[in-house]
2 protein chains.
Amino acid sequence: MANITIKDIAKALNFSVSTISKALNNSYEISAETRKIIIDYANQHNYRPNRLAKSLKIGHTNSIGVIVNSFFSSTFLAQVLDGIHKASNEVGCDIIIMQSYENVANEKACLDSLISKGVDGILLSPVSETSNSDYINLINEKHCPVVLFDRLNPEIKTTKIGVNEYKGALEATQHLIDINRKRILFITGDKFGDNNQRIQGFKKALKNLDIPINPRYMVFCSLENTDEMDAKISNSILGLIEQNIAPNAIFGATDVITTRSLGILAKLKIKVPDEIAVIGFANTDIAFSLNPSLSAIRQPAKDMGYLALKKLIELIECASNTKRTSLYETILLETSINIRKSTTL
Amino acid sequence: MANITIKDIAKALNFSVSTISKALNNSYEISAETRKIIIDYANQHNYRPNRLAKSLKIGHTNSIGVIVNSFFSSTFLAQVLDGIHKASNEVGCDIIIMQSYENVANEKACLDSLISKGVDGILLSPVSETSNSDYINLINEKHCPVVLFDRLNPEIKTTKIGVNEYKGALEATQHLIDINRKRILFITGDKFGDNNQRIQGFKKALKNLDIPINPRYMVFCSLENTDEMDAKISNSILGLIEQNIAPNAIFGATDVITTRSLGILAKLKIKVPDEIAVIGFANTDIAFSLNPSLSAIRQPAKDMGYLALKKLIELIECASNTKRTSLYETILLETSINIRKSTTL
DNA sequence: TTGTAAGCGTTATCAC
DNA sequence: GTGATAACGCTTACAA
């Protein structure tokens with residue numbers, strides 16, 4: 001079960017432990033000849049340095065921790081992780097992914113676990129926009145840099161990489177108005193705060209044109225349970241139709257909401273886009289495969305992950321704490337809008 | 001930057017290091033009184049045990065490594081990872097996920113990296129069905145248990161958890177024949193071997209009813225590049241139509257193939273299922289949202305991940321190597337078939 | 001009930 | 001150019 005160690009090599013080759021260590025680390029102190037002997041032996045016997053021991057000694061692990069809600073929940077997060085992974089390959093560090101499952105206590109446990117493992121830095125998409133703020137600030141100051149991504153807790157003083165959701169939502173809504181669809185059903189999650197930027201962007205677009213905001217056109221549905229979500233969406237639409245104020249467009253605030261809305265409309269035999277146009281935030285490649293193909297606001301998920309890790313590395317490499325705080329910045333990446341058939345009249 | 005250590009607590013509280021250690025581990029040797037003092041102090045000062053040091057000492061890490069192709073590629077893998085995660089929560093171990101990106105050298109690097117980190121066991125979905133076989137056998141014998149999932153390399157002697165793809169494909173094909181669709185276009189990846197169980201199952205269903213296997217109805221397309229994939233699928237269909245041997249059904253061998261086929265048919269204005277029925281392997285929840293909703297063979301992805309980890313833990317906990325080999329088993333989980341509108345006439 | 005000391009596999013300082 | 005040795009933070013006999 002045991003791996004071969006430096007000590008084993010030393011014994012076998014009749015060198016001292018320190019000679020082996022230096023040779024394996026290509027130290028200039030060791031002659032080319034003995035270095036070769038040692039390295040050959042190591043390769044032949046599948047020597048793999050024990051990183052626990054190494055990290056314990058040198059004081060860092062060359063690994064960074066990533067905490068997300070749950071990466072099984074959406075292709076969006078998968079793309080963010082892809083970007084993180086790409087950056088980690090470039091800088092040559094490992095990543096350890098943990099999931100908070102939208103739970104504040106879990107989030108704290110993840111943080112502790114990562115610190116116990118000695119990560120050099122942490123990439124965090126917080127559970128909520130105010131969770132564990134003090135604790136995270138403490139960690140960032142005393143232990144290792146923490147960089148926030150996607151969800152940007154304003155109480156945390158550090159570098160944050162997010163998306164300009166406000167502008168994305170505004171543009172999408174504007175697009176619907178442009179094609180003369182003004183009775184827009186806005187569907188979002190029931191746990192988003194009211195200052196959510198997607199809601200704000202939506203409202204702003206209406207306000208710009210003095211279109212009144214009708215609360216009956218705002219629906220807040222469960223994000224965890226798709227059955228509940230479907231029921232809520234379906235009932236909202238049917239209810240409005242009954243009252244003779246049927247919407248002629250739907251704006252979905254998330255990936256799942258948007259794609260499922262399309263499925264529900266098909267089931268209800270409501271024609272898209274003829275009767276109801278559909279647009280929404282969606283990072284899935286499947287937007288293309290849907291029928292009709294789905295117009296969508298795409299978030300630069302991969303870029304976000306990539307940038308977040310790069311910025312974290314900068315903070316890690318910046319030795320002095322005082323200088324570090326001057327590096328803190330908040331970056332909002334721009335979304336892009338893809339017009340497809342679901343909003344093409 | 002530094003965490004508080006046992007030594008710090010010892011100094012502050014005027015106890016010895018070992019007393020602190022024992023108290024923190026709830027040893028019966030320590031009086032309730034001093035234990036309380038120590039634990040309170042530790043909590044107040046956010047003491048977090050250094051797991052590097054602990055693991056180095058005790059010889060195991062309570063963590064297991066997982067190597068997959070690339071979990072961004074499909075919801076299938078995300079579901080497998082979800083199952084692994086669920087099981088890891090139950091047994092109380094951490095998981096470290098690595099990606100081989102379908103590359104044999106990468107796979108070896110992942111294995112080495114995991115062993116360097118001292119994982120207690122490895123869960124592996126091999127790059128190909130013959131990659132690194134000797135090396136993996138060596139690791140499994142000398143270092144830590146390796147359990148295979150999804151892709152089952154026959155050359156590796158260990159526990160393997162897979163899916164009965166053969167039966168799944170057979171049933172799906174049978175279903176198409178049952179609805180009287182016998183000109184079935186089988187679309188699969190160009191890198192699957194010929195003894196791939198999905199192909200075999202498909203062929204067997206035809207054979208059972210003496211339906212000849214027409215090679216023009218077998219298309220092998222790129223899985224990496226969706227543009228190439230789309231072109232290949234599109235051209236195949238159009239070519240057959242031109243020759244007046246248009247298929248009246250499509251069987252897609254993967255998630256992506258199946259959903260994209262639906263998109264392509266919509267684009268070509270070919271009616272589904274009226275002109276061409278569609279079924280395929282697909283683990284995406286979006287099957288429901290598609291229009292028409294997609295009939296699919298679903299693999300028990302989450303169960304597979306869950307079971308794989310549980311079996312790995314069994315192997316880890318089985319101390320003696322000789323007894324361990326007697327635990328090796330190969331489990332093939334059954335698929336389920338969901339008939340939806342894309343094959344409902 | 002508490003303390004001493006050795007050792008896990010490295011690296012790094014210093015001596016030879 | 002090579003070798004002793006201490007130290008990283010922890011656990012664990014064994015001693016007191």
Side-chain angles (χ1 to χ4, degrees), chain A residues 1-39 41-42 45-63 112-113 115-120 143-144, chain B residues 1-39 41-42 45-63 112-113 115-120 143-144:
Chain A
M1 221 28 46
N3 242 318
I4 178 179
T5 72
I6 279 187
K7 206 189 264 179
D8 297 328
I9 303 182
K11 220 170 268 171
L13 259 36
N14 248 306
F15 281 112
S16 78
V17 169
S18 58
T19 302
I20 306 294
S21 173
K22 285 170 187 162
L24 256 19
N25 288 295
N26 289 315
S27 162
Y28 64 96
E29 298 178 64
I30 305 296
S31 73
E33 196 186 0
T34 54
R35 188 192 349 245
K36 185 172 165 16
I37 297 177
I38 292 172
I39 289 183
Y41 185 92
H45 293 75
N46 281 318
Y47 168 74
R48 301 184 199 83
N50 182 324
R51 287 192 44 178
L52 297 175
K54 176 169 183 175
S55 294
L56 180 60
K57 179 67 192 162
I58 66 177
H60 61 261
T61 54
N62 226 25
S63 66
D112 284 339
S113 174
I115 293 175
S116 264
K117 285 185 166 169
V119 293
D120 300 336
H143 295 286
C144 64
Chain B
M1 221 27 48
N3 242 319
I4 177 179
T5 71
I6 276 187
K7 205 189 265 178
D8 297 328
I9 304 182
K11 219 170 269 171
L13 260 37
N14 249 306
F15 281 112
S16 77
V17 170
S18 64
T19 302
I20 308 294
S21 172
K22 285 170 186 163
L24 257 17
N25 288 296
N26 289 315
S27 162
Y28 65 96
E29 298 178 58
I30 306 296
S31 73
E33 195 188 0
T34 55
R35 188 192 349 244
K36 184 171 167 17
I37 298 177
I38 292 172
I39 288 183
Y41 185 92
H45 292 75
N46 281 318
Y47 168 75
R48 301 184 199 82
N50 181 325
R51 285 192 46 178
L52 297 175
K54 175 168 185 176
S55 294
L56 180 60
K57 177 67 192 163
I58 65 177
H60 62 262
T61 54
N62 226 25
S63 67
D112 284 338
S113 174
I115 293 176
S116 263
K117 285 187 166 167
V119 293
D120 299 337
H143 296 285
C144 65

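Nothing here was measured: the structure is a model prediction, and the numbers come from that model.
- Residues meeting the ring pair (Phe, Tyr, Trp, His ring centres under 6.0 Å) test with B/Tyr47, sequence neighbours left out: none.
- Between A/Ile6 atom CD1 and A/Phe15 atom CZ the span is 13.5 Å, to the nearest 0.5 Å.
- With B/Ser116 contributing its side chain and A/Arg48 its backbone, the two residues share no donor-acceptor pair below 3.5 Å.
- For DNA chain D, the neighbouring residues in residues 45-63 of chain A, judged by any heavy atom under 4.0 Å, are A/Leu56, A/Lys57.
- For DNA chain D, the contact window with chain B, defined by any atom under 4.0 Å from a protein heavy atom, covers D/dC8 to D/dC14 in 5' to 3' order.
- Between A/Asn50 and B/Leu56 the shortest side-chain heavy-atom distance falls below 4.5 Å.
- Nearest heavy-atom pair across A/Val17 and A/Ala10 is N-CB, 3.9 Å.
- Residues passing the side-chain contact (heavy atoms from CB on, under 4.5 Å) test with A/Lys57: none are found, sequence neighbours excluded.
- Considering only heavy atoms from C-beta on, B/Leu13 stays 4.5 Å or farther from B/Thr34 through its side chain.
- Under a 3.5 Å cut-off, the side chain of A/Arg51 and the backbone N or O of B/Gly118 do not form any donor-acceptor pair.
- Closest-nucleotide positions on DNA chain C for A/Asn25 and A/Lys7 were compared, and the one nearer the 5' end corresponds to A/Lys7.
- For the atom pair CD1 of B/Ile4 and CD1 of B/Ile9, the computed distance is 4.5 Å after rounding to the nearest 0.5 Å.
- Taking the side-chain contact (heavy atoms from CB on, under 4.5 Å) definition, one finds that A/Asn14 meets it with nothing, sequence neighbours left out.
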Could you list all N or O pairs between the protein and nucleotides 1-3 of chain C that sit under 3.5 Å apart?
unit_1: C/dT2; atom_1: OP2; unit_2: B/Ser31; atom_2: N; d: 3.1
unit_1: C/dT2; atom_1: OP2; unit_2: B/Ser31; atom_2: OG; d: 3.3
unit_1: C/dT2; atom_1: OP2; unit_2: B/Thr34; atom_2: OG1; d: 2.8
unit_1: C/dT2; atom_1: O4; unit_2: B/Glu29; atom_2: OE1; d: 3.1
unit_1: C/dG3; atom_1: OP2; unit_2: B/Ser16; atom_2: N; d: 2.9
unit_1: C/dG3; atom_1: OP2; unit_2: B/Ser16; atom_2: OG; d: 3.3
unit_1: C/dG3; atom_1: OP2; unit_2: B/Thr19; atom_2: OG1; d: 2.6
unit_1: C/dG3; atom_1: N7; unit_2: B/Ser18; atom_2: OG; d: 3.1
unit_1: C/dG3; atom_1: O6; unit_2: B/Lys22; atom_2: NZ; d: 2.3

